[in-house]
Amino acid sequence: MALSLLTFAAAATVSFRSPLPLYSNQSPFKTHQSSFLPVTSPAAFTKPSTSQSTQSSPLFRRKLLCAPVAAGKYVREDSLIKKLTADEVEELVKGVRKVPLIIDFYSTWCGPCNLMAQELEMLAIENENNALIVKVDTDEEHEFARDMQVRGLPTLYFISPDPNKEAIRTEGLIPLQMIREIINNHM
């Protein structure tokens with residue numbers, strides 16, 4: 001029994017070494033060449049010089065998944081939804097409108113706000129002439145957000161053009177279908 005413990009301890013101290021040198025071109029783990037990754041020389045992994053174009057380097061070559069979108073009616077550099085200040089929003093609310101006003105209280109660090117922004121952009125494209133959607137950054141307009149009782153982000157206010165109807169307030173990430181229903185049925 002003492003002999004078996006001694007051989008176990010001796011076997012535990014043996015280090016395993018690769019039969020190949022560390023910087024060899026041959027790898028003991030490589031059994032076949034991958035069809036997904038191109039085999040390149042180590043020089044390809046260096047940073048390209050300023051005279052070399054980044055597009056010609058094998059590291060920066062990209063394959064497009066689909067054709068680029070052509071510039072159309074709704075493809076713009078800026079968003080269809082404009083960011084307004086508190087004074088501009090108050091003027092919109094007090095002014096005469098023929099379409100409902102949707103105010104999105106958001107923050108740039110808020111993940112659900114970014115998701116809601118994508119949905120609101122789709123809604124702005126669908127209802128370009130039927131609704132007016134604006135954004136208010138709560139970090140920049142924190143006093144206005146406090147006055148409007150914004151406690152959670154994103155918060156949406158739906159204000160009807162009819163002054164007799166009350167505003168509808170939602171808090172948190174809500175589905176696009178619910179926003180459509182509020183605009184179509186309650187405004």
Side-chain angles (χ1 to χ4, degrees), residues 36 47-48 50 52-187:
F36 297 106
K47 187 175 180 181
T50 55
Q52 221 179 4
S53 171
T54 57
Q55 297 297 325
S56 65
S57 175
L59 285 179
F60 298 104
R61 198 172 307 147
R62 295 182 182 157
K63 181 179 176 185
L64 295 176
L65 298 176
C66 62
V69 178
K73 181 178 178 186
Y74 298 112
V75 179
R76 300 178 185 171
E77 289 182 12
D78 58 338
S79 174
L80 293 175
I81 303 170
K82 300 296 178 201
K83 182 175 122 176
L84 301 179
T85 63
D87 296 332
E88 294 169 336
V89 171
E90 288 178 11
E91 288 177 19
L92 274 177
V93 171
K94 291 177 184 176
V96 177
R97 287 175 284 107
K98 295 181 181 178
V99 295
L101 174 65
I102 302 168
I103 306 169
D104 174 27
F105 287 92
Y106 78 103
S107 185
T108 55
W109 50 263
C110 172
C113 297
N114 294 331
L115 293 173
M116 182 67 77
Q118 294 171 2
E119 291 183 358
L120 289 175
E121 187 70 28
M122 290 186 338
L123 189 72
I125 291 171
E126 291 173 9
N127 298 316
E128 188 172 11
N129 299 323
N130 300 331
L132 179 61
I133 304 172
V134 297
K135 298 177 111 173
V136 176
D137 190 352
T138 57
D139 291 335
E140 295 174 3
E141 302 289 337
H142 54 84
E143 291 177 9
F144 180 59
R146 184 192 65 216
D147 293 341
M148 294 295 290
Q149 299 178 357
V150 174
R151 289 175 175 63
L153 294 177
T155 296
L156 296 178
Y157 275 93
F158 298 87
I159 302 172
S160 176
D162 183 11
N164 297 328
K165 288 188 177 181
E166 295 216 8
I168 298 173
R169 178 181 186 269
T170 64
E171 190 173 297
L173 187 62
I174 60 173
L176 186 60
Q177 186 60 33
M178 182 183 272
I179 299 172
R180 285 186 188 124
E181 183 179 326
I182 291 172
I183 291 172
N184 296 333
N185 299 333
H186 302 288
M187 294 282 114

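What you are looking at is a predicted structure, and each value in this text was computed from that prediction instead of being measured.
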Looking only at heavy atoms, what is the nearest atom pair of Ser160 and Lys165, with distance? OG-CD, 3.6 Å
So, taking the atom named SG in Cys113 and the one named CG in Leu120, what distance separates them when rounded to the nearest 0.5 Å? 10.0 Å
Kindly write out the residues that satisfy salt bridge (charged side-chain N to carboxylate O under 4.0 Å, His left out) with Arg180, not counting sequence neighbours, or none if the list is empty. Glu126
Would you confirm whether Arg169, through its side chain, and Gln149, through its main-chain N or O, come within 3.5 Å as a donor-acceptor pair? yes
Got a donor-acceptor contact below 3.5 angstrom from the Thr138 side chain to the Tyr106 backbone? yes
Could you tell me the separation between the CG atom of Leu156 and the NZ atom of Lys135, rounded to the nearest 0.5 Å? 10.0 Å
Distance (rounded to the nearest 0.5 Å) between Leu84 CG and Ile103 CD1: 9.0 Å
Can you see which heavy atom on Pro161 is nearest to which on Arg97, and at what distance? CB-O, 3.3 Å
Which heavy atom of Lys83 sits nearest a heavy atom of Asp137, and at what distance? NZ-OD2, 4.2 Å
Stepwise, does the side-chain contact (heavy atoms from CB on, under 4.5 Å) test hold for Phe158 with Thr170? CA-CA 8 Å; Phe158 298 87; Thr170 64; 4.0 Å; yes
Do the non-hydrogen side-chain atoms of Ile183 and Leu123 ever get within less than 4.5 Å of each other? yes
Go through it in stages, so that I can follow the logic: the residues are Ile168 and Met187, the test is side-chain contact (heavy atoms from CB on, under 4.5 Å), and I'd like the CA-CA distance, side-chain angles, deciding distance and then a yes or no. CA-CA 9 Å; Ile168 298 173; Met187 294 282 114; 3.8 Å; yes
CG of Asp104 to CD of Glu121, rounded to nearest 0.5 Å, is 11.0 Å
Can you check whether Leu153 reaches Trp109 side chain to side chain, under 4.5 Å on heavy atoms? yes
Would you sort out whether Val99 and Asn129 count as a side-chain contact (heavy atoms from CB on, under 4.5 Å), showing the intermediate values? CA-CA 8 Å; Val99 295; Asn129 299 323; over 6 Å; no
Presence of salt bridge, Lys82 and Glu88, under 4.0 angstrom: no
Could you report the tightest heavy-atom contact between Met116 and Pro154, atom names first, then the distance? CB-CG, 4.0 Å
For the CG atom of Asn184 and the CD1 atom of Ile179, what is their distance to the nearest 0.5 Å? 11.5 Å
Spacing of CG belonging to Leu173 relative to CD belonging to Glu119, to within rounding of 0.5 Å: 6.0 Å
Given Phe144 and Glu90, is the side-chain contact (heavy atoms from CB on, under 4.5 Å) satisfied, shown in steps? CA-CA 10 Å; Phe144 180 59; Glu90 288 178 11; 4.0 Å; yes
CD of Glu166: more than 12 outside heavy atoms within 6.0 angstrom? no
Looking only at heavy atoms, what is the nearest atom pair of Glu141 and Ala86, with distance? OE1-CB, 3.3 Å
